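The structure presented is a predicted model; accordingly, all values stated were derived computationally and were not measured. Lettering of chains follows the sequences in order, A, B, ..., and the numbering in each one begins at 1.
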Amino acid sequence: MSDYKRILVTAALPYANGPVHIGHLAGCYLPADIYVRYQRAQKRDVKFVGGSDEHGVPITIRAMKEGITPQQVVDKYHAIIKESMEQMGISFDIYSRTSNKVHHETSQDFFKNLYDKNLFEEKVTEQFYDEKAKTFLADRYITGTCPVCANPNAYGDQCEKCGSSLSPEQLINPRSTLSDAVPVKKETKHWYFPLQHYEAWLKEWIIDGHKEWKNNVYGQCKSWLDNGLQSRAMTRDSSWGIKVPLPDAEGKVLYVWFDAPIGYISATKELTENWADYWCKDDTKLVHFIGKDNIVFHCIIFPAMLKAHGNFVLPDNVPANEFLNIEGDKVSTSRNWAVWVHEYIKDFPGCEDVLRYVLCSNAPETKDNDFTWKGFQDANNSELASIFGNFVNRTFVLMHKLCGGKVPKLYEEMMDDKDRQIIADIKAAKEKVENLIEQYKFRDALFEVIDLSRKGNKYMQEKEPWIVAKSLAENADAQKSIDNCLHICLQLTANLAILINPFLPNTAKKMLGMMKVVDKMLEWQNAGSINLLSVGYSLRAPEILFRKIEDSEITTQIEKLKSGLVKPVQEPTSDKPQVTSDNSQETTEEKAVASNVKPEIVYDDFAKLDLKVGKIVAAEKVEKADKLLKLSVDLGFETRTIVSGIALHFKPEDIVGKQVVIVANLAPRKMRGIESNGMILMAEDAGGKLHFINPEQDINPGAGVS
RNA sequence: GGCGAGGUAGCUCAGUUGGUAAGAGCGCAGGAUUCAUAACCCUGAGGUCAGGAGUUCAAAUCUCCUUCUCGCUACCA
């Protein structure tokens, strides 16, 4: 690893369809940034590239919904994302975007290169086509009535109401979201990349050659390779994206996953004219930081593309992180269950490093982890502030009180085992942090930094210079003892600045200010030294590095999170796995409701429904079905069997005796072998919980509802 | 129901190829202290390593069964 001449670090391109949340930071951008800052401190040749991913179907759909152009959508979110990254100190050497001209050219050249080598398969398939809009329709562009749950707004690939995965053929009354036209089948040609041709090579490269990759990454690759690879279409019918650079490819663009990783190359081109050094020389170490949902693209597909092209280096490592949950629940952009970075920055100004600390110390490196606001508070108050911050502060305060505000002398002849031990600890900490970062174990590395400050506190406590100071009059050596302690504590503080710098750069900066030293001191080679601050040098007054986070702030955040929660709206999710959200924080409840109202009907349509009040007289779980309950409902004139998918919300014994409203004239339907005669009406609250619709008081079963 | 991953101290997690390690941080309790952001320092309680069976001289660590959790998937409003 040391024979690399240069390092190229990429971080997954965030999808420009929404802002970034803390899960993105924890999973990808923060570890990448820590790694890069560390490498820079090592004075290694490192470049850190990233940018917004701006193509793909979800962006066109969002544009359509908001009545703006796709370009306007990506312009908006690119700006927000870029600003969040900057404010959080994610120190890209370049943060580009895939709508740039250089990226279009690079991607097209790449495609053309493979095409000219005859590495694609051309296949003609039938796809749905909108004759009014004169365009092919991705499955997502087709809506219709769900054959399973009768939701009239199901998408061609999935019904978001009932979760069924569908194909457009299954939809009842399919129509185009573009023009409302009825889609027709039409032949279309696409270019497929035969991944199976690279299977043997990939196995050798990964399974045999990269056993050091993280378990989650290696395991997932192995599973993909064991299951066999297939050709994948690398083009799409769309107007938004990078045009396929072939004469007979009108209306076709590159598949967003073909062009997105090439964005790393384009960004490097924009960054430096020596870009080829980073991409084409074998002594470059290429590292992709991503979330776990990107593993297959970065470990299988993109390397196969690079291999096919032939002139590029392959990733040395792909340290993918798992996901970060929030307060025990999975992040959901559509439910707005997320902590948005730009909002955090507004709510906790000047506390960017605190978030970096919490996200790193609790990073989902080996498995999904949970972010809680209480945990955030605890980590800040009892680790950052009380241990690290307090050590620095008491060192400075004592130095001003007992050493005249100057770095005191170190009397070597007076040094004892404790002094020698803490100095050894400083040197050891440097080694440990360094090794852990090189192994992408950022959580452990950060722990070692905090642990060093913990040792500092212990050392100072044992030396108790404030006690020694009481004997200054009678003890000639007292001042020397004090000087030695504070000399070492100050050198330790300087070391802490160097070690914490990759993790908490703003904090390191503040510490430099207090010590009146220049940035150069932060170079990694200085770590482990106890000659960083010159004897006699006068230092500034301490500055509180981390304030305490109050209970009220935590309560506010938890309330904000809960009140912001919205019911899932009919919002398209991405057609590609991605590290980013596809929903904006502006999804308000009103908007959700407004956009959710079905098309107008006349009274006669309503009158067709026969709604009646019934009483549940028996309920039991349906075998081999998680969600189904078999209910017997008394309608006065008869007792019916109704199968209802509410088992996750209610226990059978709890709902016997409840009155409910049912649709009495719904056509019977068999589920799990049981015929269901009707449907129970349910309301779903913002939290996704179901509630019965029933009369205020018990009334006679069979009563009509209108 | 199928596939995958996982259940280790109150919480968040480490535990490498089976052998004196059942651990860390936080939290909690007690003590000590006051230079310091009511901080620091010391001590302590706490776990039948989900449960059961098996392999072994030896299992948190391997095998099987049960159970629970999470993800994908199936049934569904």
Open item on the list: What is the distance, to the nearest angstrom, from the CG atom on A/L545 to the C1' atom on B/rA36?
Closed with: 13 Å
TODO: Can you figure out which of B/rC35, B/rC26, B/rU34 approaches the side chain of A/I467 most closely?
DONE: B/rU34
Open item on the list: Under a 3.5 Å distance rule, please check whether A/R540 uses its side chain to pair with a backbone N or O of A/G513 as donor and acceptor.
Closed with: yes
Open item on the list: Without decimals, in angstroms, what is the distance between A/N325 CG and B/rG6 C1'?
Closed with: 14 Å
TODO: Would you classify B/rG46 as syn or anti? Syn applies when the glycosidic angle is within 90° of 0.
DONE: syn
- [ ] Taking Watson-Crick and G-U wobble pairs with both distances under 3.5 Å, convert RNA chain B into its dot-bracket string, 5' to 3', dots for unpaired and | for cross-strand pairs.
- [x] (((((((..((((.....[...)))).((((.........)))).....(((((..]....))))))))))))....
TODO: Would you indicate, yes or no, if B/rU33 has its OP1 or OP2 atom less than 4.0 angstrom from a side-chain nitrogen or oxygen of A/R394?
DONE: no
- [ ] Measure from CG on A/N457 to C1' on B/rC42 and round the result to the nearest Å.
- [x] 14 Å
Task: Integer-rounded Å distance: B/rA24 P and A/K458 NZ - done: 13 Å
- [ ] Please report, rounded to the nearest Å, how far the P atom of B/rG27 is from the CG atom of A/N381.
- [x] 9 Å
Open item on the list: Around atom NZ of A/K441, are there more than 12 heavy atoms from other residues, nucleotides or ligands closer than 6.0 Å?
Closed with: no
Open item on the list: Please give the distance between the C1' atoms of B/rG25 and B/rU20 as a whole number of Å.
Closed with: 24 Å
Task: Closest nucleotide among B/rA14, B/rU34, B/rU37 to the A/R443 side chain - done: B/rA14
Task: Sugar-phosphate only, base, or nothing, as touched by A/K548 at under 4.0 Å among non-hydrogen atoms - done: base
Open item on the list: Within a 6.0 Å radius of atom NZ on A/K455, are there more than 12 heavy atoms belonging to other residues, nucleotides or ligands?
Closed with: yes
TODO: Taking atom P in both B/rA60 and B/rG18, compute the distance separating them and give it to the nearest angstrom.
DONE: 13 Å
TODO: Return no unless some side-chain N or O of A/S361 is found under 4.0 Å from OP1 or OP2 of B/rU12.
DONE: no
- [ ] Would you mind classifying the nucleic acid contact of A/F396 as base, sugar-phosphate or nothing, using non-hydrogen atoms under 4.0 angstrom?
- [x] nothing
Task: Nearest-angstrom distance, C1' atom, B/rA14 to B/rG23 - done: 7 Å
TODO: Tell me what A/N390 touches on the nucleic acid: a base, only sugar-phosphate, or nothing, going by heavy atoms under 4.0 Å.
DONE: base
Task: Residue among A/I387, A/V392, A/N390, A/L499 satisfying side chain to side chain contact (heavy atoms under 4.5 Å, CB included) with A/S453 - done: A/I387
- [ ] Nearest-nucleotide wise, let me know which of A/N362 and A/Q461 is further upstream toward the 5' end of RNA chain B.
- [x] A/N362
- [ ] Starting at atom CZ of A/F447, determine the distance to atom P of B/rG23, rounded to an integer number of angstrom.
- [x] 16 Å
Open item on the list: Does this structure show an ion pair linking A/D425 with A/R454, if we count only N-O contacts that are shorter than 4.0 Å?
Closed with: no
TODO: Determine the contact category for A/E383: base if any of its heavy atoms lies under 4.0 Å from a base atom, sugar-phosphate if only primed atoms, P, OP1 or OP2 are that close, otherwise nothing.
DONE: sugar-phosphate
Task: Check: A/D634 side chain, A/K615 main-chain N or O, donor-acceptor pair, under 3.5 Å - done: no
Open item on the list: Working to the nearest 0.5 angstrom, can you tell me the gap between A/D378 CG and A/I549 CD1?
Closed with: 11.0 Å
TODO: Considering just the side-chain nitrogens and oxygens of A/K401, establish if one lies under 4.0 Å of OP1 or OP2 belonging to B/rA36.
DONE: yes
- [ ] Under 4.0 Å between any heavy atoms, over every strand shown, what does A/L402 touch: base, sugar-phosphate, or nothing? Just pick one.
- [x] nothing
- [ ] Nearest-nucleotide wise, let me know which of A/D451 and A/F388 is further upstream toward the 5' end of RNA chain B.
- [x] A/D451
Open item on the list: If I take atom CG in residue A/D378 and atom C1' in nucleotide B/rA24, what distance separates them, rounded to the nearest angstrom?
Closed with: 16 Å
Open item on the list: Could you tell me how far B/rU12 sits from B/rG52 if I compare only their P atoms? Round to whole Å.
Closed with: 24 Å
- [ ] Before accepting this row, confirm whether a basic side-chain N of the pair A/R420/A/D417 lies closer than 4.0 Å to the acidic partner's carboxylate O.
- [x] yes
Task: Minimal non-hydrogen separation, A/A497 against A/M511, with atom names - done: N-CE, 3.7 Å
Open item on the list: Whole angstroms only, please: what is the CG-P distance between A/L486 and B/rC35?
Closed with: 13 Å
- [ ] Report which part of the nucleic acid A/G375 touches: base, sugar-phosphate, or nothing (heavy-atom distance under 4.0 Å, all strands).
- [x] nothing
